[in-house]
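Starting from 1, each residue takes its place in the sequence as its number. Keep in mind the model is a prediction, meaning the values are calculated, not measured.
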Amino acid sequence: CEDAGDGRSFAPPAPNFIMIPGPCPAQAASHTPAGAISEYGVAMMGGSYMPGFTELLRRNGNYRNLWLAQVVSEAGDYFNNVAVFSLAMQLTGSGLVVSGVMLARAIPAVFAGPVAGVLLDRFDRKRIMIASDLVRSLVALAFILTLYYREAWLLYLLSALLMFAS
């Protein structure tokens with residue numbers, strides 16, 4: 001978009017701003033009231049482009065805390081995957097068992113999704129999240145049993161329970 005029709009040219013916004021695709025943001029801005037999304041597809045807020053993700057994190061403390069907790073949880077899940085796959089390989093020496101553990105982690109997520117959706121719609125989400133995290137912590141601690149009972153089925157079971165509770 002070279003020209004907005006009035007001789008002004010349009011400069012793209014800074015990288016931390018969200019642009020919804022549309023024909024020409026400069027033209028849309030001239031027709032869009034502040035705080036609305038125009039028919040041209042440009043999100044406006046207070047007469048300027050809607051702030052992006054970094055602005056959301058900076059301004060909304062509750063969302064920032066939830067996002068950081070999720071980042072820590074995802075990092076924990078990643079390290080748990082590495083640890084369990086390594087444990088499976090160390091205990092059995094079989095790549096087939098590692099593949100079984102991967103399947104034991106993937107399949108419950110497919111079945112738990114619809115169940116979780118119904119539960120989250122009907123009950124208090126905060127309590128469900130807390131209960132889920134408590135169950136996950138108990139199952140994660142139960143992996144200590146695999147040091148004493150070196151059985152592949154125990155890895156399968158604990159992995160499936162951990163992913164179902166997630």
Return the CG to CD distance between D77 and Q70, rounded to the nearest 0.5 Å.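 One finds 8.0 Å between CG of D77 and CD of Q70.
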Partners of R64 by salt bridge (charged side-chain N to carboxylate O under 4.0 Å, His left out), sequence neighbours excluded? none
Is L158 linked to Y78 within one hydrophobic cluster, defined over Ile, Leu, Val, Met, Phe, Trp and Tyr using a side-chain heavy-atom separation of less than 4.5 Å?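 In one cluster with L158: Y78, no.
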side-chain contact (heavy atoms from CB on, under 4.5 Å) partners of S132, counting only residues at least two apart: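 side-chain contact (heavy atoms from CB on, under 4.5 Å) list for S132, sorted by chain: R136.
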Report, one line per pair, each donor and acceptor closer than 3.5 Å where one atom sits in a side chain of residues 84-93; sequence neighbours left out.
unit_1, atom_1, unit_2, atom_2, d
S86, OG, V82, O, 2.8
T92, OG1, A88, O, 2.7
T92, OG1, S94, N, 3.2

Give a yes or no answer on whether the side chain of S159 reaches the backbone of L155 with a donor-acceptor pair at less than 3.5 Å.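 At least one qualifying donor-acceptor pair exists.
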Please enumerate all residues that pass side-chain contact (heavy atoms from CB on, under 4.5 Å) together with F111, with sequence neighbours excluded. I107
Pairwise distance CZ(F143) to CG(L141) - rounded to 0.5 angstrom: 10.5 Å
Partners of R127 by salt bridge (charged side-chain N to carboxylate O under 4.0 Å, His left out), sequence neighbours excluded? D124
Could you check L66 against M129 for side chain to side chain contact (heavy atoms under 4.5 Å, CB included), going step by step and ending with a plain yes or no? CA-CA 12 Å; L66 179 64; M129 285 175 56; 4.2 Å; yes
What's the separation between atom CG in N60 and atom CG in N65, rounded to the nearest 0.5 Å?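 Reported to 0.5 Å precision, the distance equals 9.0 Å.
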Pairwise distance CG(L161) to OH(Y156) - rounded to 0.5 angstrom: 15.0 Å
Decide whether V139 and V101 are clustered together by the hydrophobic rule: side chain heavy atoms of Ile, Leu, Val, Met, Phe, Trp, Tyr closer than 4.5 Å, transitively.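 Per the 4.5 Å side-chain linkage, V139 and V101 are co-clustered.
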R105 vs N81, test: side chain to side chain contact (heavy atoms under 4.5 Å, CB included). Steps then yes/no. CA-CA 9 Å; R105 287 173 170 255; N81 283 337; 2.5 Å; yes
For R125, enumerate each residue passing the side-chain contact (heavy atoms from CB on, under 4.5 Å) test, keeping only those at least two apart in sequence or located in another chain.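 Checked R125 against side-chain contact (heavy atoms from CB on, under 4.5 Å); matches are L120, D121.
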Hphob cluster co-occupancy, V72 + I130, side-chain heavy atoms under 4.5 angstrom: no
Check whether F164 and L138 end up in the same hydrophobic cluster, where Ile, Leu, Val, Met, Phe, Trp and Tyr are linked by side-chain heavy atoms less than 4.5 Å apart.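 As far as the 4.5 Å side-chain criterion goes, L138 and F164 are not connected within one cluster.
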For the atom pair OH (Y149) and OG1 (T146), what is the distance rounded to the nearest 0.5 Å?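 Here the interatomic distance stands at 11.5 Å.
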Check whether V135 and L145 end up in the same hydrophobic cluster, where Ile, Leu, Val, Met, Phe, Trp and Tyr are linked by side-chain heavy atoms less than 4.5 Å apart. yes
Assess whether atom CG of L147 is packed by more than 12 heavy atoms of other residues, nucleotides or ligands within 6.0 Å.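 Enclosed: over 12 neighbouring heavy atoms sit under 6.0 Å from CG of L147.
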